[in-house]
Amino acid sequence: MAVAVVSAAVFSLIGTIPAAAQDEPLTVAVTVDGRDVADRTVTIDPAKPVELGLTAINRGRAPVRVRSVRVSGVALALTFFSYDTTVPFEVPAGGRVTRTLVLDLAELDGQAMGLLPGSVELLDADRELAASAALVTDIRGSFWSVYGIFGLAVLSLTVVAWATALLALARHRLPRSRARRALRFLPAGFGTGLTAVVTLSVLRVMPPEPALEVPVVLGAAAIALLLGYLTPHTQPAEPDDDTIPAVTRPIDPSTEGYAR
């Protein structure tokens with residue numbers, strides 16, 4: 001779990017690099033149902049079609065061919081929905097092209113819910129990324145979607161991890177080493193952080209973006225490590241070596257000097 005979370009944090013941070021920072025000549029402006037997606041949350045109801053507007057701007061010196069458009073949603077470096085639509089067009093050098101698509105996202109009801117960071121990507125003929133625009137989506141999907149079940153699974157594993165650690169503490173089964181006791185609580189801390197991130201997303205409080213998920217997950221893991229490190233050593237004490245055991249033996253009546 002620790003390796004997975006650290007990897008998710010690294011890949012999430014890499015994914016936040018804007019297209020301009022990568023010296024890409026092509027940029028894209030996106031609208032959903034006629035409204036710009038910049039600095040706003042886009043509400044998507046799977047029961048209704050979505051009108052996606054694209055304006056591709058080529059600031060380079062060569063034309064760029066676009067083969068398809070991809071709409072996806074990602075949380076914790078995991079893709080929970082992705083839709084590709086083939087829309088071939090060419091953006092001339094120094095020019096711009098506008099396209100409008102109508103997307104049927106009915107299947108999204110069983111894939112995600114709550115706030116999710118997303119992106120709209122233009123893919124070239126080799127299916128390589130040509131341009132992208134980030135957005136935050138509010139998916140009105142089912143609680144029993146893939147994302148909802150993922151949250152329940154993380155919650156269940158977190159409860160098991162805490163129960164295992166606390167039961168070992170109550171039964172005096174924790175290791176003598178403080179470092180090992182801290183590591184015993186680490187999975188529970190990571191699970192608590194992941195559960196918090198998914199819960200905030202499902203309740204539509206905050207999307208699971210790197211600026212939120214990385215501090216929350218690593219902070220919860222650090223707190224759990226500290227709690228495990230500070231737990232007292234509760235293994236039962238060994239008996240005192242100075243105790244002298246009592247030895248008894250029966251009296252033989254035939255022994256000389258036996259009082260009658």
Return yes if some donor-acceptor pair links the side-chain N/O of [X] with the main-chain N/O of [Y] below 3.5 Å, else return no.
| X | Y | value |
| --- | --- | --- |
| R181 | T231 | yes |
| S119 | E121 | no |
| T158 | V154 | yes |
| D36 | A38 | yes |

Could you give the distance from [atom1] ([X]) to [atom2] ([Y]), rounded to the nearest 0.5 Å?
| X | Y | atom1 | atom2 | answer |
| --- | --- | --- | --- | --- |
| M113 | R204 | CE | CZ | 5.5 Å |
| M206 | L115 | CE | CG | 9.5 Å |
| I44 | D109 | CD1 | CG | 12.5 Å |
| I57 | T98 | CD1 | OG1 | 8.5 Å |
| I139 | F80 | CD1 | CZ | 12.0 Å |
| R70 | D84 | CZ | CG | 4.0 Å |

Kindly work out whether a path of hydrophobic side-chain contacts (I/L/V/M/F/W/Y, heavy atoms less than 4.5 Å apart) joins [X] to [Y].
| X | Y | result |
| --- | --- | --- |
| V216 | V136 | no |
| V32 | Y83 | yes |
| V159 | F150 | no |
| V87 | L105 | yes |
| V214 | L200 | yes |

More than 12 foreign heavy atoms under 6.0 Å from [atom1] of [X]: is that the case here?
| X | atom1 | result |
| --- | --- | --- |
| Y229 | OH | no |
| R96 | CZ | no |
| E90 | CD | yes |
| R65 | CZ | no |

Do [X] and [Y] make a side-chain contact, defined as non-hydrogen atoms from C-beta onward lying under 4.5 Å apart?
| X | Y | value |
| --- | --- | --- |
| P92 | V97 | yes |
| P208 | Y147 | yes |
| V120 | V28 | no |
| P25 | N58 | yes |
| I149 | F143 | no |
| F185 | L226 | no |
| P207 | L212 | no |

Which residue, L52, D138, V37, forms the side chain to side chain contact (heavy atoms under 4.5 Å, CB included) with V42?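 That would be V37; it is the only one of L52, D138, V37 passing the side chain to side chain contact (heavy atoms under 4.5 Å, CB included) with V42.
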Assess, by modelled atom type and distance only, whether the side chains of T86 and S68 contain a donor and an acceptor separated by less than 3.5 Å. no
Examine the side chains of R59 and T27 and answer whether a donor and an acceptor come within less than 3.5 Å of each other. yes
Show, in sequence, the C-alpha distance, side-chain angles and deciding distance for L54 and V30, and conclude whether the side chain to side chain contact (heavy atoms under 4.5 Å, CB included) test is met. CA-CA 5 Å; L54 306 172; V30 179; 4.0 Å; yes
Taking all non-hydrogen atoms of both residues into account, name the closest pair between A161 and P187 and its distance. CB-C, 4.2 Å
Apply the test side chain to side chain contact (heavy atoms under 4.5 Å, CB included) to residues R184 and L169: give CA-CA distance (whole Å), side-chain angles for both, the deciding distance (0.1 Å), then the verdict. CA-CA 10 Å; R184 187 71 177 268; L169 175 64; over 6 Å; no
After noting the C-alpha distance and the side-chain angles of W162 and T192, does the key distance pass the side chain to side chain contact (heavy atoms under 4.5 Å, CB included) rule? CA-CA 9 Å; W162 276 114; T192 301; 2.8 Å; yes
